[in-house]
Amino acid sequence: MTVDNYVAIFRSYQDFTIFVIGHNDDNELILATLLDCIHECFDRIFASAIERKSLIDNMSGVILVIDELID
């Protein structure tokens, strides 16, 4: 999806959605790979299904995943 010269890729879960946003000239495959990596990391962190409550309860792990992906 392209919005105002930005590319947005998203994945919907039961009760929340994760968006990865890049510039219009960014490679969409790289952004999709980043989103897949976030999904795989969350699968490993959360033993049960990925839900908003478990995401909030384990916010330190979520922030660590995002920080490591940015580095």
Side-chain angles (χ1 to χ4, degrees):
M1 166 187 344
T2 303
V3 177
D4 294 333
N5 294 327
Y6 291 99
V7 175
I9 298 176
F10 63 93
R11 181 171 288 179
S12 296
Y13 294 92
Q14 293 176 1
D15 53 358
F16 69 96
T17 304
I18 296 177
F19 287 89
V20 175
I21 299 173
H23 290 286
N24 197 19
D25 58 345
D26 287 343
N27 189 340
E28 291 180 26
L29 293 176
I30 299 295
L31 297 175
T33 303
L34 175 65
L35 186 60
D36 288 340
C37 185
I38 291 171
H39 174 73
E40 290 176 20
C41 290
F42 285 173
D43 274 346
R44 292 178 189 222
I45 289 175
F46 307 117
S48 61
I50 302 172
E51 298 174 341
R52 183 184 312 178
K53 183 179 180 334
S54 60
L55 190 82
I56 292 171
D57 291 343
N58 296 311
M59 189 56 72
S60 61
V62 170
I63 292 171
L64 181 63
V65 166
I66 294 170
D67 182 54
E68 290 298 321
L69 287 173
I70 290 172
D71 287 343

Handout entry: Worked verdict on I45 versus V62 for side chain to side chain contact (heavy atoms under 4.5 Å, CB included)
Key = CA-CA 8 Å; I45 289 175; V62 170; 5.6 Å; no
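When the side-chain hydrogen bond (donor to acceptor under 3.5 Å, both in side chains) test is applied to R11, the partners found at least two apart in sequence or on another chain are D36, H39.
Interatomic distance, Y6 OH to I21 CD1, rounded to the nearest 0.5 Å: 9.0 Å. Here S12 contributes atom OG and F19 contributes atom CZ; the two are 7.0 Å apart, rounded to the nearest 0.5 Å. Between the CG atom in L31 and the CD1 atom in I9 there is a gap of 4.5 Å [rounded to 0.5 Å]. How far SG of C41 is from CD1 of I66: 10.0 Å, rounded to the nearest 0.5 Å. Rounding to the nearest 0.5 Å places CG of L35 at 10.5 Å from CD of E40. The CE atom of M59 sits 13.0 Å away from the CG atom of L64 when rounded to the nearest 0.5 Å.
A distance-only check finds a donor-acceptor pair linking the side chain of N58 to the backbone of S54 [under 3.5 Å]. A donor-acceptor contact shorter than 3.5 Å is absent between the side chain of R52 and the backbone of F16.
The two residues V7 and E28 make their nearest non-hydrogen contact at CG1-CG, 3.7 Å.
Side-chain contact between V65 and L69 is present, with at least one heavy-atom pair separated by less than 4.5 Å. Using a 4.5 Å heavy-atom threshold, the side chains of I18 and F42 count as touching.
A continuous path of ILVMFWY side-chain contacts below 4.5 Å connects I63 to V20, so both sit in one hydrophobic cluster.
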